[in-house]
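Notes follow the structure.
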Amino acid sequence: MSAPFTLAPLPWNENALEPTISARTISFHYHKHHHAYVDTLNTLVKGSKFADMQLEEIVRATAKSADEKEKKIFNNAAQVWNHDFYWRSLTPSKTEVSGKLASAIARDFGEVSTLIAQLAEAGKTQFGSGWAWLVSRDGKLAIEKTGNAMTPMAQGVNCLLTVDVWEHAYYLDYQNARPKYLESVLANLLNWEYAAQNLEKEDRAVRAAAE
Ligand code: MN
């Protein structure tokens with residue numbers, strides 16, 4: 001998918017994540033914040049060398065740029081990608097950790113509860129806006145955090161799940177209580193099937209292309 005980019009549909013109804021995340025929060029977050037990143041990205045790439053690039057290519061090509069316009073393109077492209085990824089990381093359906101993902105979690109964390117505790121800690125300790133991630137980096141599962149629009153995908157790292165810790169993701173429901181938002185999301189909404197799919201399609205070519 002290259003420009004013009006479109007706002008991808010949500011994978012569930014806007015009220016589906018209640019009571020953990022309200023329909024009001026999803027509505028603002030998706031229709032205002034996410035949509036604005038899509039529109040701004042389209043405006044910025046129009047007529048540029050990025051106009052025919054795929055979204056992931058744009059993110060990787062601009063991640064380390066010192067050019068002011070390319071920094072803006074990075075911020076908006078990465079936020080489009082991060083939000084699409086975040087919506088799919090959440091589900092109101094109870095999903096189970098199974099198969100290859102279960103083995104990898106046992107190998108790298110021991111218990112699922114240890115993974116969740118580390119993911120919560122990453123989200124709580126991300127200073128300011130950003131993201132907490134479960135990734136597969138160099139064949140090993142790991143918890144990471146990134147600031148603002150930064151994403152492990154920019155380095156070709158395979159992302160499995162993410163949680164948005166920008167204030168707009170939780171302020172209407174939890175005000176400043178980011179730990180409570182994290183605790184509830186991690187207990188109720190993580191889409192383990194999506195994580196398993198992402199682990200399954202791990203593609204070393206992606207990493208090679210980024211180097
Ligand atoms: Mn957001």
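In this chain, numbering begins with 1 at the start of the sequence shown. We count ligands from 1, going down the list as the structure has it; atoms in each ligand are counted the same way. Just so it is clear, the model here is predicted, and its values are computed rather than measured.
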The Mn ion (ligand 1) to H34: any N/O/S contact under 2.8 Å? no
Between the side chains of W166 and Q126, does any donor sit under 3.5 Å from an acceptor? no
Flag H83 as yes if one of its N/O/S atoms falls below 2.8 Å of the Mn ion (ligand 1), otherwise no. yes
Residue D164 atom name (nearest to the Mn ion (ligand 1); N/O/S): OD2
For R60, is there an ion pair with E56 - N to carboxylate O distance below 4.0 angstrom? yes
Quick one: do E183 and K180 make a salt bridge, cutoff under 4.0 Å? no
How far apart are the closest heavy atoms of V97 and W192, and which atoms are they? CG2-CD2, 3.4 Å
Output the atom name for the N/O/S atom of H168 with the smallest distance to the Mn ion (ligand 1). NE2
